[in-house]
Asker: 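One structure follows; several queries about it will come next.
We count ligands from 1, going down the list as the structure has it; atoms in each ligand are counted the same way. Sequence positions, counted from 1, serve as the residue numbers for this chain.
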Amino acid sequence: VFFSILIVSDYSKSQVYKKQLEIANFKTKNLLKSREQLISTVSHDLKTPLSTIVGYSELLGNSDVNTKQSYFIKNIKNSSEYITQLVQDLLDFSKIEAGKITIEKVPFLLPEIIEDVAVNIQSVYKQKNIDLIINVDEKFQKRIVGDPFRLKQILSNIIGNAYKFTEEGHIRVAAYANEEDTFTISIQDTGIGIERENQKLVFEEFAQANENIEKKYGGTGLGLSICQKIISILGGTLSLDSIFGKGSTFTIQLPLLFDESQPNSLNEVKS
Ligand code: ADP
């Protein structure tokens with residue numbers, strides 16, 4: 001045993017081993033690069049025809065069609081929207097993996113972003129009996145500096161999930177400033193909840209709490225993993241607190257920086 005350890009340790013120091021390691025690293029890097037290029041090219045090529053399908057099925061759906069036709073058109077639209085989301089998720093995912101994701105730093109009004117996203121999603125799920133409650137700290141009348149586009153993307157995902165997995169009750173979105181220059185946005189729902197043993201799993205790529213979820217609600221299992229990665233790039237954290245059968249709370253914590261330039265208040269902007 002001692003002899004073979006000696007051989008192994010000598011081998012790990014040898015030039016041959018170093019060269020082999022270099023080649024392996026080079027090959028892995030190249031493989032990752034071509035995978036990223038493949039995903040990115042295919043995704044871009046899929047996006048245009050997909051938006052044509054979604055657009056035309058929307059137009060058809062609004063025209064004079066019978067119930068059967070309307071059902072078919074709705075299915076075409078839902079499926080193509082699902083593929084569009086999957087393509088977007090894959091694009092984001094490969095960009096994050098390649099370290100190519102871009103983050104902006106611009107002034108914006110947090111209440112506007114939260115309301116935009118929440119009200120938009122609420123309109124999609126208007127047939128559900130869910131109260132939307134939004135509580136945003138007064139302090140956010142003042143602009144903050146960050147990436148409003150990424151924040152919208154994150155909130156759309158998490159608030160979208162809250163609506164998707166809740167049949168009745170409420171969804172509460174709250175935002176408040178913390179000490180230590182951070183702020184919190186929590187999204188609490190009274191939905192199906194997530195079993196304790198699956199609570200870590202849902203942040204992994206392509207993971208869903210169980211296969212019944214996939215059958216009943218669809219989805220790609222990529223959303224939360226992308227959110228968590230983007231939040232971490234933004235210097236924040238995403239956590240989950242859930243009771244199975246009762247509901248879930250997703251909590252986002254991000255660095256807080258108020259914009260000191262003009263104009264700075266929500267009232268000023270609205271008046
Ligand atoms: P997707 O929703 O596309 O499946 P996500 O990554 O957004 O992918 O979510 C992963 C899984 O986490 C979901 O499939 C579901 O099982 C669970 N999940 C996420 N949000 C909620 C929620 N608010 N309530 C219950 N389960 C949730």
Asker: For Glu167 and Asn129, test the side chains for any donor-to-acceptor distance below 3.5 angstrom and give the result as yes or no.
Answerer: no

Asker: State whether the shortest distance between N or O atoms of Phe165 and N or O atoms of ligand 1 falls below 3.5 angstrom.
Answerer: no

Asker: Is there a heavy atom in Ser248 that sits closer than 4.0 Å to ligand 1?
Answerer: yes

Asker: Regarding Gln199 and Arg196, is there a side-chain donor-to-acceptor distance under 3.5 Å anywhere?
Answerer: no

Asker: Measuring from non-hydrogen atoms of Phe250 to any atom of ligand 1, is the shortest distance under 4.0 Å?
Answerer: yes

Asker: Closest by any non-hydrogen atom to atom 26 (N) of ligand 1: pick that one out of Leu240, Ile194, Asn157.
Answerer: Ile194

Asker: In terms of atom number and element, which parts of ligand 1 are under 4.0 angstrom from non-hydrogen atoms of Leu224?
Answerer: 5 (P), 6 (O), 7 (O), 9 (O), 12 (O), 19 (C)

Asker: Between Lys152 and Asp116 (salt bridge meaning N to carboxylate O under 4.0 Å), is one present in this structure?
Answerer: yes

Asker: With nothing but distance in play, are any N or O atoms of Asp189 less than 3.5 Å from an N or O of ligand 1?
Answerer: yes

Asker: Above 12 or not: heavy atoms from other molecules or residues under 6.0 Å from CD of Glu197?
Answerer: yes

Asker: For ligand 1, does Ile192 get within less than 4.0 Å through its side chain, its backbone, both, or neither, judged by non-hydrogen atoms?
Answerer: side chain

Asker: With a 4.0 Å cut-off on heavy atoms, does Lys164 reach ligand 1?
Answerer: yes

Asker: Take the angle between the ring planes of Tyr163 and Tyr125 and call it parallel below 30°, perpendicular above 60°, tilted in between.
Answerer: parallel

Asker: Compute whether any side-chain donor of one residue and acceptor of the other, for Thr249 and Asp241, lie under 3.5 angstrom apart.
Answerer: no

